[in-house]
Amino acid sequence: AQSVTQPDIHITVSEGASLELRCNYSYGATPYLFWYVQSPGQGLQLLLKYFSGDTLVQGIKGFEAEFKRSQSSFNLRKPSVHWSDAAEYFCAVGASTGNQFYFGTGTSLTVIP
Amino acid sequence: DTAVSQTPKYLVTQMGNDKSIKCEQNLGHDTMYWYKQDSKKFLKIMFSYNNKELIINETVPNRFSPKSPDKAHLNLHINSLELGDSAVYFCASSQLHRAGYTFGSGTRLTVV
């Protein structure tokens with residue numbers, strides 16, 4: 001069975017600082033991996049996705065993520081955080097042969113001035 | 001041009017009532033989903049339809065019944081609402097599994 005773990009429930013960073021949000025997954029083959037962002041009172045917006053090819057993927061809003069098969073990880077990074085990045089971030093995994101995704105429990109990001 | 005739209009955005013109702021949430025997507029996607037997000041932000045899939053056919057039916061009370069009149073619409077009807085049904089319900093759609101989902105903005109259901 002597939003599963004996703006986001007070890008950090010809540011992270012606080014200063015504006016302008018770098019950010020890394022952790023995501024570990026459990027799946028036998030190469031999964032489809034996603035990061036979504038949820039702003040307060042909003043739906044989830046897709047930041048980036050990985051399903052094959054280059055293990056470093058670029059997304060919207062200056063985010064990137066790196067797929068590391070050996071570590072079963074797909075961590076999200078941003079070099080310089082903006083106050084508007086404060087939100088809930090979800091990692092999701094799906095099987096290439098499946099038809100649904102499994103979401104992590106989310107990481108809440110607070111950005112302080 | 002809203003891609004996935006849900007109505008209503010907020011729904012407050014009393015225990016025992018029956019209510020529906022509507023979802024429409026104008027993306028031409030074949031697959032639509034209902035997710036429930038609880039107070040701890042945990043997202044759990046409830047149902048999925050592909051071209052009006054039910055393909056995922058997770059363990060949810062049978063008080064919840066999805067209906068897909070066509071592939072652009074997926075509605076959720078809930079009978080005999082209970083306090084524990086209070087949550088945010090998200091509709092989503094996708095075309096290719098690997099492309100990910102497009103989510104609606106959610107319906108916050110409060111049962112009092």
Side-chain angles (χ1 to χ4, degrees), chain A residues 1-6 8-11 21 23 27 29-53 57 59-60 63 65 67 74 76 87-110, chain B residues 2-10 21 23-25 27 29-51 53-60 66 87-110:
Chain A
Q2 301 143 55
S3 66
V4 182
T5 302
Q6 293 181 246
D8 305 305
I9 296 173
H10 187 228
I11 284 183
L21 302 182
C23 173
Y27 182 60
T30 300
Y32 295 158
L33 294 160
F34 306 84
W35 275 100
Y36 288 85
V37 60
Q38 184 181 24
S39 298
Q42 301 296 315
L44 283 77
Q45 181 184 21
L46 181 65
L47 283 175
L48 46 76
K49 58 183 179 280
Y50 172 82
F51 56 88
S52 68
V57 293
I60 62 171
F63 285 92
F67 169 59
F74 188 59
L76 182 72
E88 192 85 19
Y89 290 80
F90 292 92
C91 182
V93 63
S96 58
T97 55
N99 50 24
Q100 67 165 294
F101 301 128
Y102 297 89
F103 285 82
T105 49
T107 297
S108 178
L109 174 65
T110 297
Chain B
T2 304
V4 180
S5 59
Q6 295 179 229
T7 55
K9 190 170 177 63
Y10 300 97
I21 306 173
C23 179
E24 176 182 4
Q25 55 97 0
L27 298 166
H29 289 172
D30 288 333
T31 309
M32 297 184 71
Y33 308 81
W34 278 111
Y35 273 82
K36 179 181 179 180
Q37 186 176 47
D38 63 23
S39 58
K40 295 184 178 179
K41 303 278 188 177
F42 180 67
L43 279 156
K44 186 179 188 306
I45 192 167
M46 301 174 69
F47 303 104
S48 176
Y49 272 75
N50 182 272
N51 271 322
E53 180 184 348
L54 182 65
I55 57 171
I56 296 174
N57 186 1
E58 289 293 302
T59 306
V60 300
V88 180
Y89 292 84
F90 286 102
C91 178
S93 71
S94 69
Q95 182 61 9
L96 291 175
H97 185 50
R98 67 185 186 187
Y101 295 164
T102 301
F103 280 87
S105 57
T107 296
R108 181 174 293 278
L109 171 65
T110 304

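Note that the structure is predicted; figures quoted are calculated from it, not measured. So you know, we letter chains A, B, ... as the sequences are listed, proteins then strands, and number each from 1. The basis for the numbers below is simple: all heavy atoms, side chains too, and nothing from hydrogens, waters or symmetry mates.
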So for K44(B), is it side chain, backbone, both, or neither that comes closer than 4.5 Å to the heavy atoms of chain A? neither
Say you draw a straight line from CD1 of I9(A) to NZ of K41(B); how long is it, rounded to the nearest 0.5 Å? 14.0 Å
Name the orientation class of the two ring planes belonging to Y35(B) and F103(A) (parallel below 30°, tilted from 30 to 60°, perpendicular beyond 60°). perpendicular
If I take atom CG from residue L43(B) and atom CD from residue E88(A), how far apart are they, to the nearest 0.5 angstrom? 9.5 Å
Around atom CD of E53(B), are there more than 12 heavy atoms of other residues, nucleotides or ligands at under 6.0 Å? no
Of all the heavy-atom pairs spanning Q37(B) and F90(A), show the shortest one and how long it is. NE2-CZ, 3.4 Å
Does the ring centre of F103(B) sit less than 6.0 Å away from the ring centre of Y36(A)? yes
Heavy-atom cut-off 4.5 Å, strictly under: side chain, backbone, both or neither for L46(A) against chain B? side chain
Would you mind checking which part of F51(A) comes under 4.5 Å of any heavy atom in chain B, side chain (CB onward), backbone (N, CA, C, O), both or neither? side chain
Using heavy-atom distances under 4.5 Å, tell me whether Q45(A) contacts chain B through its side chain, its backbone, both, or neither. neither
